[in-house]
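Some notes on the structure that comes next.
Chain letters run A, B, ... following the sequence lines, proteins first, then strands; residues in each count from 1.
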There are 2 protein chains.
Amino acid sequence: MSLGTFLAVTRAPRAGVGRPVATTHEEIEDAAFRLFGEHGFQSTTVEAIAAEAGIGRRTLFRYFDSKNDIPWGRFDESLVHFRAILQESPADLGLREAVHRGVLQFNDFGPEAAPQHRRRMGLILSTPALQAHSVLRYAQWRGVIAEFVAAREGLAAGDLLPVTVGHTSLALALSAYEFWLAHDDADLLQLLDQAMAGLRSYLA
Amino acid sequence: MSLGTFLAVTRAPRAGVGRPVATTHEEIEDAAFRLFGEHGFQSTTVEAIAAEAGIGRRTLFRYFDSKNDIPWGRFDESLVHFRAILQESPADLGLREAVHRGVLQFNDFGPEAAPQHRRRMGLILSTPALQAHSVLRYAQWRGVIAEFVAAREGLAAGDLLPVTVGHTSLALALSAYEFWLAHDDADLLQLLDQAMAGLRSYLA
DNA sequence: ACATTAATGGCACTCGGGGCCAAAAGTCGA
DNA sequence: TCGACTTTTGGCCCCGAGTGCCATTAATGT
């Protein structure tokens with residue numbers, strides 16, 4: 001499981017009754033990425049994406065709250081998994097190690113998922129509008145870490161340390177991602193380790 | 001000088017020739033904050049801001065690229081100052097200390113500027129659209145730090161360490177700001193120190 | 001007075017987003 | 001098989017941000 005895995009399955013709310021759905025999140029996402037690849041994110045209109053997916057514009061907005069949300073897929077579902085990863089970490093593990101390993105595991109995906117994941121993150125991190133929108137996703141992700149730290153240290157999730165650890169973990173992840181995207185041959189997990197090591201020696 | 005100081009003076013490109021300007025960045029900003037305070041950011045239309053400032057909608061967009069840019073004022077000018085602060089730091093100072101003190105100095109403003117600064121940052125950090133937009137500003141700020149670190153360590157600004165230090169410095173600043181805004185009696189500079197101390201012990 | 005210069009602001013357009021609602025397309029019970 | 005019910009679809013219309021175009025305005029300099 002990884003960031004690349006949040007293109008999960010569109011769950012059926014209930015089977016049978018009512019008009020059947022016309023599409024799925026994945027179909028829209030695929031159609032969108034196809035057009036983004038051709039014309040870029042900005043130049044691709046929502047109307048065009050809807051047409052490519054064979055649905056109405058209005059319907060698209062029922063699957064995704066905004067155009068900016070499309071590249072992120074169903075990120076919220078992967079957060080549930082992230083929370084689980086952290087909670088399962090052994091209690092005797094140091095806090096820093098627990099968080100770090102959790103982040104590594106969250107970003108550990110097989111080599112087969114890597115190209116798709118690279119395309120997704122490359123698009124996000126190279127498009128200003130998406131970079132901007134992403135902070136809202138990042139905030140949720142940081143929240144998961146803050147909650148974990150708070151729980152383990154007997155603090156409130158709004159206290160300075162949990163918040164700082166959340167922000168810092170994101171800082172490390174983004175640093176690694178930026179470098180990873182700039183270098184084809186780089187290994188993401190290794191970069192996460194390197195970033196952590198670099199920061200520790202910087203702060204020591 | 002501080003984040004609060006980027007409401008600098010609107011410089012005259014040349015005196016005299018041509019139709020005189022109808023307003024300044026500051027006038028628009030004041031008008032905007034007046035309306036934001038009354039109706040909130042989202043519910044205040046650009047049209048209303050222009051009217052409040054006594055100018056045309058079209059003219060407002062010549063002063064600010066977007067509605068989201070208004071609360072930030074003239075941040076780019078304060079970045080010039082930030083760059084200078086870092087460059088003036090003594091060479092015998094450790095890297096971490098140099099960066100940390102630079103950040104402190106950048107955020108050091110007199111008690112008289114604090115209320116205005118609080119209002120500004122409070123608006124930004126409590127409005128999703130502004131939070132999102134802010135990453136573009138943050139990226140510039142991080143860039144200043146990355147350049148400084150790169151120069152001092154003989155690295156490229158895109159290398160992992162400079163980027164990581166930039167991201168981490170922002171992480172610390174945002175953590176401090178969030179807490180500061182949530183607690184009326186808190187001292188921002190002290191919080192920056194605390195966040196740094198907390199992170200160091202977390203990573204030790 | 002008149003040419004020059006530069007900012008203003010109106011108009012019209014595109015695009016993202018959302019409220020409203022009739023039509024579509026299924027299932028289920030009689 | 002027919003109708004009632006349920007749920008999604010997607011068309012229509014609106015709003016607000018942002019932009020290109022350009023005539024107008026208001027200053028300076030000759």
Side chain of Val21(B) only, please: which of dT8(C), dA25(C), dA17(D) is the nearest? dT8(C)
Answer yes or no: is there a donor N or O on one side and an acceptor on the other, between the side chain of Asn107(B) and the main chain of Val103(B), under 3.5 Å? yes
Please report whether the ring centroid of Trp180(A) lies less than 6.0 Å from that of Tyr177(A). yes
Arg62(B) side chain: which of dA26(D), dG10(D), dC21(D) is closest? dC21(D)
Listed nucleotide nearest any side-chain atom of Tyr63(B), set dA7(C), dG18(C), dA17(D): dA7(C)
Is the shortest side-chain N/O distance from Thr45(A) to OP1 or OP2 of dC15(C) below 4.0 Å? no
Starting from C1' on dC15(C), measure out to CD1 on Ile49(A) and report it in whole angstrom. 12 Å
Quickly work out the Arg57(B) CZ to dA17(D) C1' distance and round it to whole Å. 6 Å
Please pick, from dC11(C), dT28(D), dC20(C), the nucleotide with the shortest atom-to-atom distance to any side-chain atom of Arg58(B). dC11(C)
Please work out whether the ring planes of Phe106(B) and Trp141(B) are parallel, tilted or perpendicular, with thresholds of 30° and 60°. tilted
Hey, does Gly18(B) reach any base, or is it just sugar-phosphate, or nothing, if we go heavy atoms under 4.0 Å? base
Can you tell me how far P of dG18(C) sits from CZ of Phe64(A), to the nearest Å? 14 Å
Can you figure out which of dT9(D), dT19(D), dT24(D) approaches the side chain of Arg19(B) most closely? dT24(D)
Assess the side chains of Arg119(A) and Gln116(A): does a donor N or O sit below 3.5 Å from an acceptor N or O? yes
Val17(B) has its side chain closest, among dT5(C), dT19(D), dG16(C), to dT5(C)
Counting the atoms with a prime plus P, OP1 and OP2 as sugar-phosphate, which does Thr44(A) contact under 4.0 Å by heavy atoms, base, sugar-phosphate, or nothing? sugar-phosphate
Calculate the interatomic distance between Phe61(B) atom CZ and dG10(C) atom P; express it in whole Å. 14 Å
Rounded to the nearest 0.5 Å, what separates atom CD in Gln140(A) from atom CZ in Arg83(A)? 9.0 Å
Closest nucleotide among dG16(C), dT9(D), dG18(D) to the Lys67(A) side chain: dG16(C)
Atom CD of Glu47(A) and atom P of dC12(D): how far apart are they, to the nearest Å? 11 Å
